[in-house]
Amino acid sequence: MLNKKEIEYVLLTIGEMFPEAECELTHSNPFELTIAVVLSAQATDALVNKVTPNLFTKYKSPEDYIHVPLEELENDIKRIGLFRSKAKNIKKLCQSLVEEYGGEIPQDKSELVKLAGVGRKTANVVASVAFGEPAIAVDTHVERVSKRLGICRWKDTVLEVEKTLMRKIPMEEWSITHHRLIFFGRYHCKAQSPQCPQCPLLELCREGKKRMKRRGLL
DNA sequence: CTCCCGATAT
DNA sequence: ATATCAGGAG
C-alpha cells in the first residue's frame with residue numbers, strides 16, 4: 001500500500017499527464033448525461049458517442065422515451081451492448097422522472113440511485129459532472145488503476161475503493177482526480193497493454209515492476 | 001453470484 | 001479466438 005507522500009506524488013504526476021481530464025460522454029444537459037451514462041455500462045465512451053447524436057435528436061424529453069415502443073428504442077441503441085436491459089431501464093427511468101421528479105433529473109445521489117439503471121457509479125458521475133458535487137465514481141478504470149498502483153488492496157470491493165479514495169484525496173480534488181484516474185487507466189495504464197516501460201509511476205508501482213520482471217524488462 | 005451483449009483491441 | 005469496455009438488476 002502506498003503511503004501519504006507516494007499518493008501525493010501519484011496525484012501530481014497524473015495531474016501533469018492529464019491536466020484537462022473531463023467527462024468524455026457528449027451531452028448538453030443532466031438528462032442527456034444520465035441517459036449516456038446508463039448506456040455506457042460495459043461499452044466504450046467512443047461507441048456511446050456514436051449513437052447518442054441521433055438518439056438525442058429523436059428523444060428530447062422523458063416523455064419521448066415513454067411514448068415509443070420498447071422494440072423501437074431497443075433498435076435505436078442496438079449497437080451498444082446490453083441493449084434490451086438498457087432500453088427497459090431507460091423507459092422505467094423516464095417513467096419515474098415524470099411521475100415522481102417533475103420530469104427533471106434529481107440532484108441528490110440518494111434519489112438518483114432509485115432510478116432504473118442507475119447504480120452508485122452512475123449516480124456519482126451525474127452528481128459530479130452535471131451538478132458539480134464532489135464525488136468519485138469507481139468504474140473499471142478507477143478500480144484497476146487504484147489496485148495496480150497500490151492505492152487500495154486487490155481484494156477491495158468497488159465501494160471500499162471509493163471510500164479509500166475519498167479518505168486519501170482532498171474533497172476539492174475528488175472530481176478532477178477521478179477524471180484523471182480514468183484518463184490514466186483508459187490511455188496509459190490500460191487493461192490489456194499497460195504502458196509500464198514508459199510510466200512515470202513505475203518506481204512506486206509494485207504491479208508494474210512485477211509485470212516488467214515477468215517480461216524480462218527489469 | 002450470473003446474466004445481459006455488440007464493438008473493438010490484442 | 002479472447003479480453004475488455006465509464007455496471008446494474010435479479
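Bear in mind that the values here come from a model prediction, so they are computed numbers and not experimental data. Proteins come first, then strands; the chains are lettered A, B, ... in the order of their sequence lines, and each starts at number 1.
- Proximity of residues 167-187 of chain A to DNA chain C (heavy atom under 4.0 angstrom from any strand atom) is restricted to His178(A), His179(A), Ile182(A), Arg186(A).
- Each of Leu70(A), Leu55(A), Leu39(A) was evaluated against Ile90(A); a single residue qualifies, Leu39(A), per the side chain to side chain contact (heavy atoms under 4.5 Å, CB included) test.
- DNA chain C lies under 4.0 Å from at least one heavy atom of each of the following residues of residues 138-161 of chain A: Asp139(A), Thr140(A), His141(A), Arg144(A).
- Among residues two or more places apart in sequence or in another chain, the salt bridge (charged side-chain N to carboxylate O under 4.0 Å, His left out) test is passed with Glu71(A) by none.
- Taking the ring-ring contact (aromatic ring centres under 6.0 Å, His included) definition, one finds that Tyr9(A) meets it with nothing, sequence neighbours left out.
- Here Lys78(A) does not pair with Glu74(A) in a salt bridge; the nearest charged N to carboxylate O distance is not below 4.0 Å.
- Distance check: Asn124(A) CG to His178(A) NE2 gives 7.5 Å after rounding to the nearest 0.5 Å.
- Sequence order on DNA chain C of the closest nucleotides to Asn89(A) and Leu25(A) puts Leu25(A) first from the 5' end.
- Under the side-chain hydrogen bond (donor to acceptor under 3.5 Å, both in side chains) criterion, the residue pairs touching residues 94-104 of chain A are Tyr101(A)-Glu111(A), with sequence neighbours excluded.
- Atom CG of residue Asn89(A) and atom SG of residue Cys94(A) lie 10.5 Å apart, to the nearest 0.5 angstrom.
- Contacts with DNA chain C (heavy atom under 4.0 Å) in residues 67-82 of chain A: Leu82(A), listed by number.
- Salt-bridge formation is not detected for the pair Glu8(A)/Lys4(A): no Lys NZ or Arg NE/NH1/NH2 atom is positioned less than 4.0 Å from an Asp or Glu carboxylate oxygen.
- Protein chain A touches strand DNA chain B; the 5'-most and 3'-most nucleotides with an atom under 4.0 angstrom of its non-hydrogen atoms are dC4(B) to dT10(B).
- Taking the P atom of each, dG10(C) and dC5(B) are spaced 13 Å apart, rounded to whole Å.
- Whole-Å rounding puts the Asn124(A) CG to dG7(C) P distance at 13 Å.
- Applying the ring-ring contact (aromatic ring centres under 6.0 Å, His included) test to residues at least two apart or on different chains, the pairs with a partner in residues 29-82 of chain A are Phe31(A)-Tyr65(A), Tyr59(A)-Tyr65(A).
- The residue from Met17(A), Glu24(A), His141(A) that alone fulfils the side chain to side chain contact (heavy atoms under 4.5 Å, CB included) condition with Phe183(A) is Glu24(A).
- Note: Lys88(A) NZ to Lys91(A) NZ = 11.5 Å, rounded to the nearest 0.5 Å.
- Residues passing the side chain to side chain contact (heavy atoms under 4.5 Å, CB included) test with Ser61(A), sequence neighbours excluded: Glu63(A), Asp64(A).
- Rounded to whole angstrom, the span from the CZ atom of Arg120(A) across to the P atom of dA9(C) amounts to 13 Å.
- Nucleotides dA9(B) and dA6(C) have their P atoms positioned 12 Å apart, rounded to a whole Å.
- Near-neighbour residues of DNA chain B inside residues 30-51 of chain A, defined by a heavy atom below 4.0 Å, number-ordered: Gln42(A), Leu47(A), Lys50(A).
- For Asp76(A), the salt bridge (charged side-chain N to carboxylate O under 4.0 Å, His left out) test picks out Lys58(A), with sequence neighbours left out.
- The separation of dA1(C) from dC4(B), taken at their P atoms, amounts to 23 Å, rounded to a whole angstrom.
- Atom CZ in Arg84(A) sits about 17 Å away from atom C1' in dG8(C), given to the nearest Å.
- For the pair Leu93(A) CG and dG8(C) C1', the computed distance is 12 Å after rounding to whole Å.
- Listed by first and then second residue, the salt bridge (Lys or Arg N to Asp or Glu O under 4.0 Å) pairs involving residues 122-142 of chain A amount to none (not counting sequence neighbours).
- Counting heavy atoms from C-beta outward, Lys121(A) and Val37(A) have side chains that approach closer than 4.5 Å.
- The CD1 atom of Ile182(A) lies 12.0 Å from the CD atom of Glu22(A); values are rounded to the nearest 0.5 Å.
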